[in-house]
J.: 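A single structure is presented below for examination.
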Amino acid sequence: MVKAVLPGSFDPIHYGHIDIAKRAAKLFDEIVIAVYDRPLKNLLLSPEIRISLCKQAFANEAKISVTGYSGLTVEFCRKIGAQVIVRGLRVFSDFEHEFRTALANHHLAPDIEIVAFITSEEHTFLSSSTVREIASLGGDISGMVPSHVIQIMKDHFHGSEEGQHVLPNVTIRD
Ligand code: ADP
């Protein structure tokens, strides 16, 4: 039985992530969506909300589960008995970061393989930062995220005075 982990910040989860997870579920027996507790990034949504949005996105997928984690991804994989780390690649700028991270993880844990899926063409432009930015400006994100995510983003940016946050700094690859 091959268990694979798809780690990420999922801030928020979008159709690009969902596509990679479902494609990975065709190759591996079990997929664990592992939501970082505190990556070295400015995150918009709390871990609890990011985990809950992921759980709703995969509620009907028997092979896909969701959990939060902190610390090294390879340690998390060992803890749950996963042999594979799944990542997604969109553009060349993803590649350099993913390549370095994969080498570092492989150095730390040679027994864990890193498998990268090339994005589906229609998701090439899609990133959590794009979703956040469009949502913050009141734009239409319905082609990018499931409806339960749209609602949370609306509430976050336009639902209340506290919700009208200034966007945290983002990079083009998150
Ligand atoms: P991270 O902070 O680790 O980059 P993300 O939540 O941004 O976490 O992404 C998790 C994984 O999903 C990463 O491997 C990322 O490259 C991949 N990913 C993000 N957007 C897409 C997309 N549109 N198509 C395919 N893979 C994607």
Side-chain angles (χ1 to χ4, degrees), residues 5-25 31-61 64-73 76 85-102 116-174:
V5 166
L6 171 48
S9 35
F10 305 102
D11 188 36
I13 187 161
H14 54 65
Y15 286 137
H17 298 128
I18 293 171
D19 178 56
I20 295 295
K22 287 186 178 172
R23 285 164 57 196
I31 308 295
V32 178
I33 307 295
V35 181
Y36 299 142
D37 191 3
R38 284 177 210 283
L40 301 173
K41 278 184 171 188
N42 287 323
L43 294 170
L44 182 71
L45 303 170
S46 68
E48 294 74 22
I49 290 179
R50 288 181 285 121
I51 290 168
S52 161
L53 293 178
C54 289
K55 283 191 172 163
Q56 290 176 68
F58 297 111
N60 297 322
E61 300 293 328
I64 304 177
S65 62
V66 177
T67 185
Y69 80 105
S70 53
L72 286 173
T73 303
F76 173 73
I85 295 175
V86 168
R87 297 288 288 175
L89 289 175
R90 284 160 296 190
V91 286
F92 284 124
S93 54
D94 279 349
F95 183 78
E96 196 192 337
H97 171 81
E98 294 295 339
F99 188 69
R100 272 190 283 119
T101 309
F117 284 73
I118 307 296
T119 189
S120 298
E121 214 178 331
E122 67 270 29
H123 300 134
T124 312
F125 75 98
L126 194 45
S127 68
S128 294
S129 59
T130 303
V131 172
R132 293 194 298 268
E133 190 166 358
I134 294 174
S136 75
L137 299 170
D140 180 9
I141 53 170
S142 59
M144 304 175 189
V145 297
S147 53
H148 67 280
V149 178
I150 299 177
Q151 195 50 54
I152 289 283
M153 297 306 276
K154 272 191 187 148
D155 291 350
H156 194 87
F157 286 113
H158 307 288
S160 63
E161 294 224 337
E162 312 85 74
Q164 320 249 340
H165 294 298
V166 173
L167 272 180
N169 291 332
V170 292
T171 66
I172 59 158
R173 66 156 313 282
D174 64 1

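FYI, side chains are in, hydrogens and waters are out, and symmetry mates aren't considered; it's all heavy atoms of this structure.
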J.: Quick check: closest heavy atoms across Tyr15 and Ser142, and the distance to 0.1 Å?
T.: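 So the two residues come closest at CE1-O, 3.9 Å.
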J.: Would the distance check show the side chain of Arg23 and the main-chain N or O of Ile118 forming a donor-acceptor pair, the cut-off being under 3.5 Å?
T.: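 Flag set: sc Arg23 to bb Ile118 pair under 3.5 Å.
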J.: Tell me whether His17 contacts the main-chain N or O of His14 through its side chain, where contact means a donor paired with an acceptor under 3.5 Å.
T.: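 Indeed, once roles are kept as given, a pair shorter than 3.5 Å links the two residues.
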J.: Is the backbone of His123 close enough, under 3.5 Å, to the side chain of Ser120 for a donor and an acceptor to pair up by distance?
T.: no
J.: Would you call Val91 and Phe125 a side-chain contact if the rule is heavy atoms closer than 4.5 Å?
T.: no
J.: Distance-only, no hydrogens or angles: does the Arg50 side chain make a donor-acceptor pair with backbone N or O of Tyr36 under 3.5 Å?
T.: yes
J.: More than 12 heavy atoms of other residues, nucleotides or ligands under 6.0 Å from CZ of Phe99: yes or no?
T.: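 Open: at most 12 neighbouring heavy atoms sit under 6.0 Å from CZ of Phe99.
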J.: Side chains of Met153 and Leu44: does their closest heavy-atom pair fall under 4.5 Å?
T.: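 Yes - at least one pair of side-chain heavy atoms lies under 4.5 Å apart.
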J.: Distance check, rounded to the nearest 0.5 Å: Asp140 atom CG versus Ile134 atom CD1?
T.: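 Output value for this atom pair is 8.5 Å.
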J.: Test your reading of the model: is there a side-chain donor-acceptor pair from Ser128 to the backbone of Pro12, 3.5 Å cut-off?
T.: yes
J.: Kindly give the heavy-atom pair with the smallest separation between Cys54 and Ile33, and that separation in Å.
T.: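 Where Cys54 meets Ile33 most closely, the heavy atoms are SG-CG2, 4.2 Å.
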J.: Do you know which two heavy atoms are closest between Ser136 and His158, and how far apart they sit?
T.: O-CE1, 3.5 Å
J.: For a 4.5 angstrom cut-off between non-hydrogen side-chain atoms, does Gln56 reach Pro146?
T.: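 No, every pair of side-chain atoms sits at 4.5 Å or beyond.
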J.: To the nearest 0.5 angstrom, please state how far the CG atom of Asp37 sits from the CD1 atom of Ile51.
T.: 7.5 Å
J.: Looking only at side chains, do Arg87 and Thr101 share a donor and an acceptor under 3.5 Å apart?
T.: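 Result is no, nothing qualifies.
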J.: Can you name the closest pair of heavy atoms from Gly88 and Asp94 and give their distance?
T.: O-OD2, 4.3 Å
J.: CD1/Ile13 to CE/Met144 distance, rounded to the nearest 0.5 angstrom?
T.: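 If I round to the nearest 0.5 Å, the distance is 15.5 Å.
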J.: Between Ala34 and Phe76, which heavy-atom pair has the shortest distance, and what is it?
T.: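 For Ala34 versus Phe76, the nearest heavy atoms are CB-CE2, 3.7 Å.
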J.: Enter the distance from Ile20:CD1 to Ile31:CD1 here, rounded to the nearest 0.5 Å.
T.: 11.0 Å
J.: Within the 4.5 Å heavy-atom criterion, are Phe117 and Val86 side-chain neighbours or not?
T.: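 In contact.
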J.: OG of Ser9 to CG of Asn42: how many Å apart, nearest 0.5 Å?
T.: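 These two atoms lie 11.5 Å from each other.
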J.: Rounded to the nearest 0.5 Å, what separation is found between the OG1 atom of Thr119 and the CG atom of Leu126?
T.: 7.5 Å
